[in-house]
Amino acid sequence: MNLMAMLTITTLISTILILISFWLPQMSPDMEKLSPYECGFDPLGSARLPFSIRFFLVAILFLLFDLEIALLLPTPWATNLPHPTTTIMWVYAIISLLALGLIYEWMQGGLDWAE
């Protein structure tokens, strides 16, 4: 009976949240909502127009740093290993590599949107 009550409550809460998500948003588009969002070019224009390579460079840098940060996700569980000093050494190495990469990109001007 307890399992049936939990399933009923979770189904009810899920249904209520889904219905609220359909009723709550306001569908009134304005110029801000219709403008391109962080893409660097007009999405309704010609596909053959030249675009800023700066946007794609920053996007690739973000993906690179985000992927390296994902390497740190198992750290809390790895500190419970018999030898946590090895884990801590690898964490410091990854964070140092990230910091050096960020400093290098900053000094080279890779994070500047405009010249």
Side-chain angles (χ1 to χ4, degrees):
M1 184 63 181
N2 194 12
L3 177 66
M4 197 61 162
M6 284 180 32
L7 286 175
T8 305
I9 290 172
T10 56
T11 304
L12 184 65
I13 290 174
S14 299
T15 306
I16 290 172
L17 288 175
I18 289 171
L19 291 175
I20 288 174
S21 72
F22 280 115
W23 289 327
L24 195 58
Q26 297 175 355
M27 299 295 187
S28 56
D30 58 356
M31 286 306 294
E32 290 296 323
K33 290 183 183 177
L34 296 176
S35 66
Y37 180 70
E38 292 185 8
C39 64
F41 54 91
D42 184 18
L44 301 176
S46 173
R48 302 289 180 204
L49 293 175
F51 52 86
S52 173
I53 199 72
R54 256 321 157 188
F55 170 76
F56 293 102
L57 177 64
V58 172
I60 288 173
L61 286 174
F62 170 76
L63 289 175
L64 178 71
F65 283 107
D66 195 41
L67 180 64
E68 289 180 3
I69 290 295
L71 294 173
L72 297 173
L73 287 177
T75 303
W77 293 280
T79 55
N80 295 328
L81 293 174
H83 303 289
T85 55
T86 306
T87 303
I88 292 171
M89 182 188 68
W90 281 109
V91 167
Y92 283 144
I94 291 172
I95 290 175
S96 300
L97 184 67
L98 282 173
L100 288 174
L102 181 64
I103 291 170
Y104 176 77
E105 286 298 325
W106 197 333
M107 293 300 191
Q108 294 296 319
L111 301 176
D112 295 333
W113 281 102
E115 296 178 16

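Quick note: numbers below take in every heavy atom, side chains included, and nothing from hydrogens, waters or symmetry partners.
- In this structure, CG in Leu73 is found 7.5 Å from OG1 in Thr75, a value given to the nearest 0.5 Å.
- In terms of hydrophobic clustering, with Ile, Leu, Val, Met, Phe, Trp and Tyr side chains grouped at heavy-atom distances under 4.5 Å, Leu71 and Val91 are assigned to a common cluster.
- Remark: Ile13 CD1 to Ile18 CD1 distance equals 12.0 Å, nearest 0.5 Å.
- With sequence neighbours excluded, the residues satisfying side chain to side chain contact (heavy atoms under 4.5 Å, CB included) with Leu81 are Ala78, Thr87.
- Expressed to the nearest 0.5 Å, how far OG1 of Thr15 lies from CD1 of Ile20 amounts to 11.0 Å.
- By the rule that hydrophobic residues join a cluster once side-chain heavy atoms approach within less than 4.5 Å of another member, Leu72 and Trp90 end up as members of separate clusters.
- Under a hydrophobic-cluster definition in which Ile, Leu, Val, Met, Phe, Trp and Tyr are linked whenever side-chain heavy atoms come within less than 4.5 Å, directly or via other members, Trp77 and Ile88 are assigned to different clusters.
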Tabulate below the donor-acceptor pairs under 3.5 Å that side-chain atoms of residues 93-111 make, not counting sequence neighbours, or state none.
unit_1: Ser96; atom_1: OG; unit_2: Tyr92; atom_2: O; d: 2.7

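- With values rounded to the nearest 0.5 angstrom, Ile9 atom CD1 is found 8.0 Å from Leu12 atom CG.
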